*Asks:* 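Before I ask anything, let me first share the structure, which is written out below as structure tokens.
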Protein chains: 4
Amino acid sequence: MEKKEKITNKRSALLNATLTLVNNHGFHNAPMSKIANLAGVAPATIYLYFENKQDLVNKLYLEVKEDFSTAAFEGYSENLSVKDGFEIIWFNIANYKLNQIKESNFLAQCDNSPMIEEAIRIEGLKHLQPLLDLWSRGKKEGVIKPLSDYVLYAFTVYPLSFLQGMQERGIYTLDEAGKVESFTATWNAIKTEK
Amino acid sequence: MEKKEKITNKRSALLNATLTLVNNHGFHNAPMSKIANLAGVAPATIYLYFENKQDLVNKLYLEVKEDFSTAAFEGYSENLSVKDGFEIIWFNIANYKLNQIKESNFLAQCDNSPMIEEAIRIEGLKHLQPLLDLWSRGKKEGVIKPLSDYVLYAFTVYPLSFLQGMQERGIYTLDEAGKVESFTATWNAIKTEK
Amino acid sequence: MEKKEKITNKRSALLNATLTLVNNHGFHNAPMSKIANLAGVAPATIYLYFENKQDLVNKLYLEVKEDFSTAAFEGYSENLSVKDGFEIIWFNIANYKLNQIKESNFLAQCDNSPMIEEAIRIEGLKHLQPLLDLWSRGKKEGVIKPLSDYVLYAFTVYPLSFLQGMQERGIYTLDEAGKVESFTATWNAIKTEK
Amino acid sequence: MEKKEKITNKRSALLNATLTLVNNHGFHNAPMSKIANLAGVAPATIYLYFENKQDLVNKLYLEVKEDFSTAAFEGYSENLSVKDGFEIIWFNIANYKLNQIKESNFLAQCDNSPMIEEAIRIEGLKHLQPLLDLWSRGKKEGVIKPLSDYVLYAFTVYPLSFLQGMQERGIYTLDEAGKVESFTATWNAIKTEK
DNA sequence: GATGAATGAGACTTCATTCAT
DNA sequence: GATGAATGAAGTCTCATTCAT
């Protein structure tokens with residue numbers, strides 16, 4: 001057990017080091033040697049846990065994406081009303097983006113560059129089902145506009161991505177009041193107009 | 001004049017080649033040799049027009065950003081009502097993002113990676129002033145919510161960025177009706193509620 | 001121990017190869033690839049032992065300079081008379097210059113070109129102290145003229161540098177008798193006249 | 001005539017630029033483009049006056065060497081006594097080395113590196129004949145020791161080379177008194193002992 | 001004669017990956 | 001399992017030289 005834990009330790013130390021370095025310098029300025037160094041292992045050791053650099057980044061992407069999804073649905077239940085459920089999920093996402101800075105940044109970088117293979121990207125979406133289900137219910141109930149899920153996702157998540165980027169660069173800070181305003185804006189964008 | 005034109009040709013051939021390769025493979029998988037090759041010149045020739053690789057990408061970023069801004073304000077006039085003016089700008093942006101695919105993609109990649117220096121990024125924003133002025137007027141007139149310009153920008157432009165990405169990957173297509181729906185969503189997000 | 005030895009082997013093979021190539025073709029016609037080749041390693045291996053080319057040459061300079069200094073004071077003791085001590089040192093230097101041809105040549109080239117950084121050059125002088133001490137004593141005893149150490153050094157070492165250069169080019173050979181004559185000339189130059 | 005002068009102007013501007021750049025950065029850090037730039041001409045123009053870079057440096061070496069020789073024998077006449085004649089020549093050399101800093105530096109760098117071809121180096125010696133003649137006379141008259149001309153040259157010129165190097169680096173300055181002392185040392189080294 | 005854009009060759013250096021230990 | 005020395009391949013950039021104008 002101790003051994004297994006040690007293995008896990010090195011693996012996650014490597015994932016962590018990769019996260020940090022890719023964020024700070026980009027995929028191709030995060031050499032394996034530095035990753036190993038930051039993780040406190042020898043370069044060759046990386047290849048005991050990952051096939052190659054691409055595999056390392058793919059695995060990291062999937063883990064972070066899963067982490068994000070888990071956070072997104074914390075406290076959410078299908079029994080809630082559409083608006084209440086959506087509100088919980090939205091604030092979860094907002095808080096994740098604004099607090100888990102390294103992770104959010106990494107995802108943003110991955111999502112806009114050819115650094116992650118398409119297949120992996122698609123795999124990373126599988127945890128989002130409950131949100132899609134919620135929207136489906138919302139549309140049926142006439143609470144949410146009959147828009148494509150892609151459009152709904154665009155208005156739900158992407159404005160936050162921009163604000164997170166600004167916050168990370170120290171240009172703008174989204175406080176609690178700002179979050180509430182942003183939620184209202186999001187809700188107004190997708191809710192059915194009376 | 002013929003000479004001048006030739007110079008311009010090589011320079012813009014290089015910018016074009018860079019745009020293509022960075023889009024397809026990312027900054028660090030777009031080697032100078034391939035850029036030169038695609039542009040039909042020798043690698044050393046690049047250094048007659050640009051200081052180094054970073055400079056080449058910076059210049060490309062600024063030119064594309066300017067191109068984007070120009071397109072954004074085509075047909076716009078300060079004499080228009082806030083909503084009409086905003087509508088023109090929004091559709092301009094939408095059309096640019098959906099049609100100038102290479103350019104939009106490149107900007108998205110730049111904006112989410114450490115590949116462009118902060119100073120250059122800031123320089124790239126200078127053409128957006130008319131939009132900020134419009135929002136300022138909209139807030140005064142009580143038509144637009146008194147939100148930070150960053151929040152307004154987030155809801156105006158970023159959902160489109162996501163949809164463009166989806167379209168580029170062949171996952172979703174935003175047709176004319178979709179554009180109108182998205183505009184409505186955007187407007188509902190930022191307009192004052194009655 | 002075997003491992004340590006191997007490391008030393010590669011490192012010194014590289015230093016040796018550098019010495020040879022810089023002598024024969026000059027700093028900038030001694031490419032890293034040829035140095036590696038002559039040392040029997042891959043180019044990238046150089047960077048395991050040295051930071052870069054300049055560092056490699058700096059380290060070589062310091063090692064050769066130390067080697068030279070060590071040779072210069074072999075058999076010398078502070079208990080000897082000024083003249084006897086000086087004679088020993090002078091002949092040591094002469095023999096080094098005439099026998100350790102590659103090393104001497106290299107030092108001469110370094111000392112007259114901008115190829116070594118000033119700071120390194122100064123560090124290379126630190127082993128010469130015993131000679132300065134001897135001159136100090138000689139001046140106090142009235143045996144050596146009260147000249148600046150720089151002038152004394154100029155007459156002690158530099159004529160030999162020229163003769164070594166000539167010998168290396170096969171133009172002139174300094175035999176034992178010639179060495180004795182040269183020593184006499186040196187001593188006459190710096191000793192107090194009666 | 002004006003045309004011819006202009007040609008000469010460009011040629012000597014190029015030689016001058018080369019002198020400066022080689023001194024400051026060494027042969028191989030003095031690129032043709034910078035030489036052209038400093039001389040105020042286009043790179044291709046160099047090849048109208050010189051065959052290639054090596055030829056340019058060779059020609060510069062010969063011109064500087066000739067300049068040096070001319071200076072060395074200024075005011076000298078074969079009618080002077082051996083000592084008086086030698087004194088004149090020695091001070092001429094000393095003054096040249098200490099005042100014509102760029103030229104002296106360049107010669108020192110050339111004489112200790114493989115940057116000048118041997119044939120050119122030998123050609124550069126041809127102007128020294130009057131000094132050799134003087135030594136020949138001195139030996140016949142019993143005023144100068146029957147040493148090889150190479151040894152005599154070593155003691156006459158090389159100590160000055162070292163002192164010039166020190167002066168150029170700002171480490172030591174040879175004032176008038178120092179020059180006189182150095183001449184005395186030189187003379188003591190080569191004159192016949194009574 | 002003069003130019004300067006253009007380039008082939010080659011320089012230094014980095015890095016993902018392997019392999020003997 | 002873990003290492004770190006080693007390297008082949010490739011990257012960015014420089015430079016002496018040429019050639020059409």
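Below, all heavy atoms of this structure are taken into account, side chains as well, without hydrogens, waters or symmetry copies. Everything numeric in this text was worked out from a predicted model, so none of it was measured.
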*Asks:* Find the distance Lys53(A):NZ to dT18(E):P and express it as a whole number of Å.
*Replies:*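 Nearest whole value for this atom pair: 15 Å.
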*Asks:* Atom CG of Asn52(C) to atom C1' of dT14(E): distance rounded to whole Å?
*Replies:*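 So the two atoms are 13 Å apart, to the nearest Å.
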*Asks:* Show your reasoning for whether side-chain contact (heavy atoms from CB on, under 4.5 Å) applies to Gln100(B) and Val64(B).
*Replies:* CA-CA 10 Å; Gln100(B) 309 296 97; Val64(B) 174; over 6 Å; no
*Asks:* Would you mind reading off the distance between Leu21(A) atom CG and dA16(E) atom P, rounded to a whole angstrom?
*Replies:*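 Result: 11 Å.
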*Asks:* To the nearest angstrom, how far is Leu48(C) atom CG from dA6(F) atom P?
*Replies:*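 So the two atoms are 6 Å apart, to the nearest Å.
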*Asks:* For a side-chain contact (heavy atoms from CB on, under 4.5 Å) check, start with the C-alpha distance between Leu56(D) and Ile35(D), then their side-chain angles and the critical distance, and finish with the verdict.
*Replies:* CA-CA 11 Å; Leu56(D) 166 59; Ile35(D) 290 173; 4.1 Å; yes
*Asks:* Start at the 5' end of DNA chain F and walk down; is the nucleotide closest to Gln54(B) or to Ala44(A) reached first?
*Replies:*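 Per heavy-atom nearest nucleotide, the more 5' residue is Ala44(A).
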*Asks:* In whole Å, I'd like the distance from the CD1 atom of Ile46(C) to the C1' atom of dC12(E).
*Replies:*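 Between C1' of dC12(E) and CD1 of Ile46(C): 10 Å.
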*Asks:* Please say whether more than 12 non-hydrogen atoms of neighbouring residues, nucleotides or ligands are located less than 6.0 Å from NZ in Lys59(D).
*Replies:*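 Count over threshold, so yes.
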*Asks:* Using a distance-only test with no angle check, is there a side-chain donor-acceptor pair under 3.5 angstrom linking Tyr61(A) and Asp111(A)?
*Replies:*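 Short answer, yes.
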*Asks:* Dot-bracket for DNA chain F, 5' to 3', with Watson-Crick and G-U pairs under 3.5 Å, [ ] for crossing pairs and | for other-strand pairs: what is it?
*Replies:* .||||||||||||||||||||
*Asks:* Give the nucleotide from the list dG1(E), dT14(E), dT17(E) with an atom nearest to the side chain of Tyr47(C).
*Replies:*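 So the side chain of Tyr47(C) is nearest to dT14(E).
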*Asks:* Whole angstrom is fine here: how far is it from CG in Leu14(C) over to C1' in dT7(F)?
*Replies:*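 Those two atoms, CG and C1', are 14 Å apart.
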*Asks:* What distance separates Leu62(C) CG from Lys65(C) NZ, expressed to the nearest 0.5 Å?
*Replies:*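 NZ of Lys65(C) is found 9.5 Å from CG of Leu62(C).
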*Asks:* Verify the contact: side-chain N or O of Thr45(B) to OP1 or OP2 of dA6(E), cut-off strictly under 4.0 Å; return yes or no.
*Replies:*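 False: Thr45(B) side-chain N/O out of range (4.0 Å or more) of dA6(E) OP1/OP2.
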*Asks:* For a quick test of reading the model, state the closest non-hydrogen atom pair linking His25(D) to Pro114(C) and the distance between them.
*Replies:*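 Distance-wise, the nearest heavy atoms are C-CG, 3.7 Å.
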*Asks:* To the nearest 0.5 angstrom, please state how far the CZ atom of Phe106(C) sits from the CG atom of Leu21(C).
*Replies:*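 If I round to the nearest 0.5 Å, the distance is 11.5 Å.
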*Asks:* Ignoring backbone atoms, test whether Lys10(A) places a side-chain nitrogen or oxygen under 4.0 Å from the OP1 or OP2 oxygen of dA2(F).
*Replies:*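 True: Lys10(A) side-chain N/O within range (under 4.0 Å) of dA2(F) OP1/OP2.
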*Asks:* Among residues 25-43 of chain B, which contact DNA chain F at a heavy-atom distance under 4.0 Å?
*Replies:*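 When residues 25-43 of chain B is checked for heavy atoms under 4.0 Å from DNA chain F, the hits, listed by number, are Pro31(B), Met32(B).
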*Asks:* Report yes if at least one side-chain N or O of Tyr49(A) is closer than 4.0 Å to OP1 or OP2 of dA2(F); otherwise report no.
*Replies:*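 So the side chain of Tyr49(A) is within the cut-off, an N or O lying under 4.0 Å from OP1 or OP2 of dA2(F).
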*Asks:* Does CD in Glu51(B) sit with more than 12 non-hydrogen atoms of other residues, nucleotides or ligands closer than 6.0 Å?
*Replies:*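 No, not enclosed.
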*Asks:* Using whole Å, report how far CZ of Phe50(D) lies from C1' of dG1(E).
*Replies:*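 Interatomic distance, CZ of Phe50(D) to C1' of dG1(E): 15 Å.
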*Asks:* Please find the pair of heavy atoms, one from Asn112(A) and one from Asn112(B), that lie closest to each other, and give the distance.
*Replies:*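 Nearest heavy atoms, Asn112(A) then Asn112(B): ND2-ND2, 3.4 Å.
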